[in-house]
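Input: a single structure, listed below in structure tokens.
Labels below follow one simple rule: chain letters A, B, ... track the order of the sequence lines, proteins then strands, and each chain is numbered from 1. Hydrogens, waters and symmetry mates play no part in the numbers below; they use all other heavy atoms, side chains included.
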Amino acid sequence: MPIRTVMKANEAAAWAAKLAKPKVIAAFPITPSTLIPEKISEFVANGELDAEFIKVESEHSAISACVGASAAGVRTFTATASQGLALMHEVLFIAAGMRLPIVIAVGNRSLSAPINIWNDWQDSISQRDTGWMQFYAENNQEALDLILIAFKVAEDERVLLPAMIGFDAFILTHTVEPVEIPDQEVVDEFLGEYEPNHAYLDPARPITQGTLAFPAHYMEARYTVWEANENAKKVIDEVFAEFEKRFGRKYQKIEEYRTDDAEIVFVTMGSLAGTVKEYVDHLRKKGIKAGAAKLTVYRPFPTEEVRELAKKAKVIALLEKNVTFSVGGALFQDFSRALVNQEEKPILVDFIIGLGGRDVTFKNLDEVLEISKKALSGEEFDEVNWIGLRKEIL
Amino acid sequence: MAVRKPPITTREYWAPGHAACAGCGCATALKLATKAFSEAMEEKYGDPNAFAIAQATGCMEVVSAVFPYTAWKVPWIHVAFENAAAAASGVEAAWKKLGRRGKILAIGGDGGTADIGMQALSGMLERRHNVVYLMYDNEAYMNTGIQRSSSTPYGAWTTTSPPGKYSIGEDKPKKWVALIAAAHQVPYVATASIGNPFDFVRKMKRAAKVDGPAFVQVHCTCPTGWKSPLEKGVEIARLAIETGIWPLFEIENGDFFNIKIQAPGGGAKVKREGGRVVAIEFKKPIEEYLKLQGRFKHLFKRPEAIDEMREQIKAMWKVLGVDVTLPKPGE
Ligand SMILES: Cc1ncc(C[n+]2csc(CCOP(=O)(O)OP(=O)(O)O)c2C)c(N)n1
Ligand code: SF4
Ligand SMILES: [Mg+2]
């Protein structure tokens, strides 16, 4: 029987790791993710999880050790955030290029400077070109479920890519919510044993991994990572469907909310989706045709689903906790690319919001709505808007 | 007819066809190291193949694994420049969980070990992974075209330590990573040289057989970076030992006081007290070593720099607990 309980997202992530039974875990503490390696240490110390836990001296070594272990053919897991994920950056490319299905839980936190321990998505968004799959959880249950889902997708022969699961610093990592812990047997059936055909460091059948590739081969190697990301789109749908069958919870790459007759659709990710859905209800009561959509999968980018969503909206307002300087948010860039060659497309308006843990309030969303309405009525509007700036201290 | 047993296994793990420069002493080191490892695994586990290699970026990685070819007949992984020790930690942990017997060999150059990989090395040693770390020390970043590392010796020319009006070449003493490794109190640390292959093989086997981490720093020549004759690699490496430039020692469990020092040969007089080497009177001047290498050519116009080098070498031996005398040419 699944256990219904309450826990923080960090605990949910540790539980997911325990249920997935990785053989090697290598991790280094960083706020807000520290509780994950702590909890896993306890599981290992109590004999509840039969894994080697390598207490590395840095995140760079954490991911490097995961690469070594994964290349030797075992399931591996780590957790980090912010500066820790940034320190891993170099090796993230290598993990994807070597097609190693490592899973990282990321407590989404801002990047220095100034140093700040609170939530935004800059850490994982900045890894979007590494080849890793990226999932974002709205709540603690999703954090747990998406880690299990990520292992299953990552280890699929058609995919073989690493995956990171983002959940918002403090808002989720440190907040207690109801969570259902699935049955170990059902998880075992769902995930199965990891038996790689491509990565093993076995003296009985020696292989060389991590070679140099000249220009004659490099592009093809990179192309396979592209292809794997394309394949992952279908595999993710299959795994979502299987997950629903086994565990009763439904996941979609893009989850829509009251979008059917919407004129303005607010698009976001992570825990902000909860706030935005509430805001949509609030607008609907006032007769405003608003809807919401949440990206659960950010990489591979759900282009087809975005195009479907776009058909339903006149204005898409992108609410994002990240920024590319002089350009705008990552979602704005990705939505623009998905829609640029479509014949009919909504107007896109970008909102940089809630950086470094700043609360996103209905008042902020009213500001978003006002600018979106301008766009809807054909008035002039700014494409990229920083919401909730304290102009008095600038 | 009696057939003499070869002094080391004829099994090859580092196959011919790799792309190292002609005369590369590091290629020789890797060939010997893998053979020694294989013998050790055979003696310890009855399986000569019970090992895998995790290697740092650098010359020996680049020349040995160019897709779709490989020189490696042993499971081998390269991840990046600074993390061979961390990657090896992961492989070792996985092997443990898979119930595989054997030992992991991590390999890095002096740059990948003394500089950018220092932290990962320290972590691996401190965590007591069952890994042998082999630092092949050609005393510069050769793969990127001969830049200085912290293991480059005093006075050497490199592209980032060029001699000039205000420079004698590299102006810092060599950093001895073996001593740093020994400070981790790991079971076994040694220096070795391709100038004494039997000693090197013996030490690699010992390193491979101990339970827990071991570290071996092997001096190996790089004719390209040292501007030295291709055919003189072993001779040059031997001169480094015989002139006092390259000490051969072993330290077990960080017990510096009971350091084992190998006699350098070359006519050097070794004085022992209670089995411990306390003084060495070298007979060959370091100039004999220096003059065979273009990287030290400029020093012969700056004899005071060579004298400074002698002082640094004495200071280094002092750390090992040995008083040395180093002759000047003609002395
Ligand atoms: C993070 C990083 N910085 C720099 C480099 C470039 N690089 C590759 S190999 C190398 C030098 C290697 O020197 P060493 O470890 O002494 O090995 P050698 O080439 O001398 O055998 C450098 C600087 C790199 N690959 N990665
Ligand atoms: S540059 Fe030096 S170390 Fe590198 S392959 Fe050539 S001789 Fe060997
Ligand atoms: Mg070098």
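- Heavy atoms closer than 4.5 Å to chain A are found in the side chain of B:E82, but not in its backbone.
- The number of heavy atoms from other shown groups lying within 6.0 Å of OH (B:Y69) does not exceed 12.
- Residue A:V56 touches chain B through both its backbone and its side chain, counting heavy-atom pairs closer than 4.5 Å.
- The minimum heavy-atom distance between B:A93 and A:E52, with the atom names listed, is O-CG, 3.6 Å.
- A:E57 and B:A120 get closest at one heavy-atom pair: OE2-CA, 3.4 Å.
- The local environment of CD in A:E193 is sparse, with at most 12 non-hydrogen atoms from other residues, nucleotides or ligands closer than 6.0 Å.
- Contact check for B:R100 versus A:P203: side-chain heavy atoms found under the 4.5 Å cut-off.
- Pairing each heavy atom of A:G210 with each of B:E61, the nearest pair is O-OE2, 4.5 Å.
- Closest approach of B:G90 and A:I54 over heavy atoms only: CA-CD1, 3.9 Å.
- In this structure the side chain of B:H78 never reaches within 4.5 angstrom of the side chain of A:T208, judged on heavy atoms.
- Interface residue B:A50: only backbone heavy atoms are found under 4.5 Å from chain A.
- The closest side-chain heavy-atom distance from A:H217 to B:P68 is below 4.5 Å.
- Of all the listed residues (B:I77, B:I53, B:V74), the one sharing the greatest number of non-hydrogen pairs under 4.5 Å with chain A is B:I77.
- The candidate from B:N83, B:N49, B:T57, B:L98 with the greatest count of non-hydrogen atom pairs under 4.5 Å with chain A is B:N83.
- A donor-acceptor pair under 3.5 Å links the side-chain atoms of B:W95 to the main chain of A:L201, judged by distance alone.
- Here the side chains of B:V66 and A:F214 are in contact, with some heavy-atom distance below 4.5 Å.
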Are A:S58 and B:Q119 close enough, and set up right, to give a side chain to side chain donor-acceptor pair (under 3.5 Å), and what steps lead you there?
-> CA-CA 9 Å; A:S58 71; B:Q119 169 185 316; 3.1 Å; yes
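- Residue A:A51 touches chain B through its backbone alone, counting heavy-atom pairs closer than 4.5 Å.
- Between B:R127 and A:K55, the shortest heavy-atom distance links the atoms CD-O, 3.3 Å.
- Contacts of B:V79 with chain A are made by both backbone and side-chain atoms, with heavy-atom separations under 4.5 Å.
- Of all non-hydrogen atoms in B:A65 and A:T211, the two that sit nearest each other are O-CB, 3.3 Å.
- Heavy atoms from other residues, nucleotides or ligands lying under 6.0 Å from CZ of B:F256 number more than 12.
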